[in-house]
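One structure is given below, encoded as structure tokens.
Counting convention: from 1, in listed order, for ligands and their atoms alike.
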Amino acid sequence: MTGSNGSTAVSDQPALPKPEGLEGVVAASTALSHVFGEEGKLVYRGYDIHELAGNASFEEVAYLLWNGRLPTQDELKDLLLTLGEERSLPGHVIDVIRALPGDAHPMDALRTGASALGAGGGDQFDDEPDLDEAIALTAMFPGILAAFFRLRQGLEPVAPKPEHNTAQSYLHQLFGREPEDRHWRPLEVYLTLLADHGMNASTFTARVIASTGSDLCSSITGAVGALKGPLHGGAPSKVLDMLEAIGSAENVDSWLTDALDRGERLMGFGHRVYKAEDPRAEILRGMAAEASTPEFFELSRRTEERALEMLHERKPGRRLYTNVEFYSAAVLSAVGLPGDMFTPTFAVSRVTGWTAHVLEQVANNRLIRPQSEFVGPTDRKFVAIEAR
Ligand code: COA
């Protein structure tokens with residue numbers, strides 16, 4: 001094959017299938033969770049998400065993901081105790097967060113904090129990834145975010161209370177007051193819904209890094225970076241931006257039409273795997289109806305209805321439905337979080353899934369190292385800089 005520059009592209013490679021974005025490629029075996037895209041069903045360790053949401057605590061779900069079964073009462077008590085003991089951040093991590101510019105994105109602060117946790121300050125994260133490290137990281141994620149959230153407002157970090165569960169502790173460390181039931185309970189359900197989701201981009205990132213024999217903090221730091229992107233976890237704050245820009249029900253049609261005419265994607269719709277409604281969206285819609293103001297819920301509902309109609313008209317056959325991010329925006333703002341804390345809050349939950357995947361990967365490891373189809377030239381000759 002001769003390229004436009006006159007050189008020859010490689011031709012001795014076997015013809016490999018080349019799905020764009022690895023769509024449909026099986027990259028690992030996992031017993032953790034599965035997305036049944038056609039049916040719109042999500043299963044954690046054999047339990048349909050509807051079984052767990054609102055029934056299991058976040059910590060029970062974390063235990064389930066890490067250990068493969070639900071905990072007994074004593075096991076849950078032990079886990080809550082350990083999480084409570086592990087929440088305080090090492091001093092050097094606070095120092096690193098303190099040094100960040102106040103206008104940094106909280107996801108950048110989380111990525112930096114996760115990386116700093118793996119950089120000395122004791123040998124807590126030095127070994128091969130294990131369950132103790134997974135629990136410690138899960139315990140510290142809310143504190144990293146809360147410390148940054150407060151420092152950027154000129155406030156000092158708040159010491160965690162060991163008796164709090166994860167949702168309570170996160171809100172307490174963020175706002176420095178005892179969390180109300182009407183805030184931490186919906187947050188807890190949100191955390192159970194987002195804990196794992198098959199071989200998504202950030203989970204794949206974590207497993208690739210773990211497969212090289214690297215440490216847990218490196219895997220999780222990489223995963224945070226992958227989650228930040230708007231095509232993955234970065235959408236919910238953009239949903240809030242969209243709803244705020246629409247402002248009221250009478251603007252919905254014109255705003256959505258203009259956005260689609262400009263070729264923009266509507267945040268909170270579509271999914272690589274789901275070809276039916278995301279089951280988490282259905283649960284969050286119900287929660288948003290209770291937790292958010294009637295006006296905001298009405299605006300969300302109207303926007304969702306018209307967006308689905310327009311997407312189905314404009315992209316017939318694409319099967320675009322509401323995804324988890326759309327109603328996350330309503331639920332998380334009702335809990336009191338500002339838009340830029342939405343994706344980091346997703347990470348407070350997903351760190352359980354990421355760490356469980358890393359443990360699964362290292363238990364039966366093989367370096368993840370795929371092939372690429374080489375499409376460049378192979379026979380160029382070096383020309384000295386003076387002659388170019
Ligand atoms: N708004 C408008 N059009 C959309 C869309 C959206 N939210 N999602 C997908 N489409 C369109 C694409 O433009 C494409 O149209 P085309 O074939 O005419 O070019 C078609 O639907 C298929 O999209 P594709 O890019 O193949 O889907 P994907 O599997 O790569 O993307 C997402 C999945 C999630 C990245 C995509 O749906 C998206 O960008 N959604 C908005 C962001 C979002 O909500 N992210 C959170 C995900 S949980």
Could you tell me the residue and atom name of the protein heavy atom closest to [atom], and the distance to it rounded to 0.1 Å?
atom	value
atom 40 (N) of ligand 1	F269 O, 2.9 Å
atom 45 (N) of ligand 1	P230 O, 3.4 Å
atom 3 (N) of ligand 1	L311 CD2, 3.9 Å
atom 19 (O) of ligand 1	K315 NZ, 4.2 Å
atom 6 (C) of ligand 1	L266 N, 3.5 Å
atom 9 (C) of ligand 1	L320 CD2, 3.5 Å
atom 34 (C) of ligand 1	G270 O, 3.7 Å

(message) Taking CD in Q73 as the centre, count heavy atoms belonging to other residues, nucleotides or ligands within less than 6.0 Å. Is the count above 12?
(response)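 No - once you tally the heavy atoms of other residues, nucleotides and ligands closer than 6.0 Å, there are 12 at most.
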Polar contact flag, side-chain donor to acceptor under 3.5 angstrom, [X]-[Y]:
X	Y	result
Y327	E282	no
N251	S254	no
Q361	S211	no

(request) Not counting sequence neighbours, which residues clear side chain to side chain donor-acceptor pair (under 3.5 Å) with E51? List them please. (result)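 Counting only residues at least two positions away or on another chain, E51 forms no side chain to side chain donor-acceptor pair (under 3.5 Å).
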Checking [X] side chain against [Y] main chain: does a donor-acceptor pair fall under 3.5 Å?
X	Y	answer
T138	A134	yes
S219	I209	no
R111	G222	no

(message) Yes or no: does K238 have any heavy atom under 4.0 Å from an atom of ligand 1?
(response)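 Flag not set, K238 not near ligand 1.
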Applying a heavy-atom cut-off of 4.0 Å, say which part of [X] lies close to ligand 1: side chain, backbone, both or neither.
X	result
H232	backbone
R265	both
D278	neither
R272	both

(message) When you compare ligand 1 with R318, is there at least one nitrogen or oxygen pair between them that comes in under 3.5 angstrom?
(response)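 Yes, since at least one N or O of R318 sits under 3.5 Å from an N or O of ligand 1.
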(request) Apply the side chain to side chain contact (heavy atoms under 4.5 Å, CB included) test between V61 and each candidate in L70, T192, L191; give the one that qualifies. (result)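 That would be T192.
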(request) Run the ring-centre check on H271 versus H197 and record whether the distance is less than 6.0 Å. (result)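 Yes.
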(message) Looking only at the aromatic ring of each residue, does the gap between the centers of F36 and H34 stay below 6.0 angstrom?
(response)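 Aromatic pair counts; centres sit under 6.0 Å.
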Under 4.0 Å from a heavy atom of [X]: which atoms of ligand 1 are those, numbered in the order shown and with their elements?
X	value
M267	42 (C), 44 (O)
E325	46 (C), 48 (S)
G268	43 (C), 44 (O)

(message) If you take the nearest heavy atom of each of V273, L260, N323, which one is closest to atom 43 (C) of ligand 1?
(response)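 Among V273, L260, N323, the closest heavy atom to atom 43 (C) of ligand 1 comes from N323.
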(message) Strictly inside 4.0 angstrom of atom 26 (O) of ligand 1, do you find any protein heavy atom?
(response)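 For atom 26 (O) of ligand 1 the answer is no, since every protein heavy atom stays at 4.0 Å or beyond.
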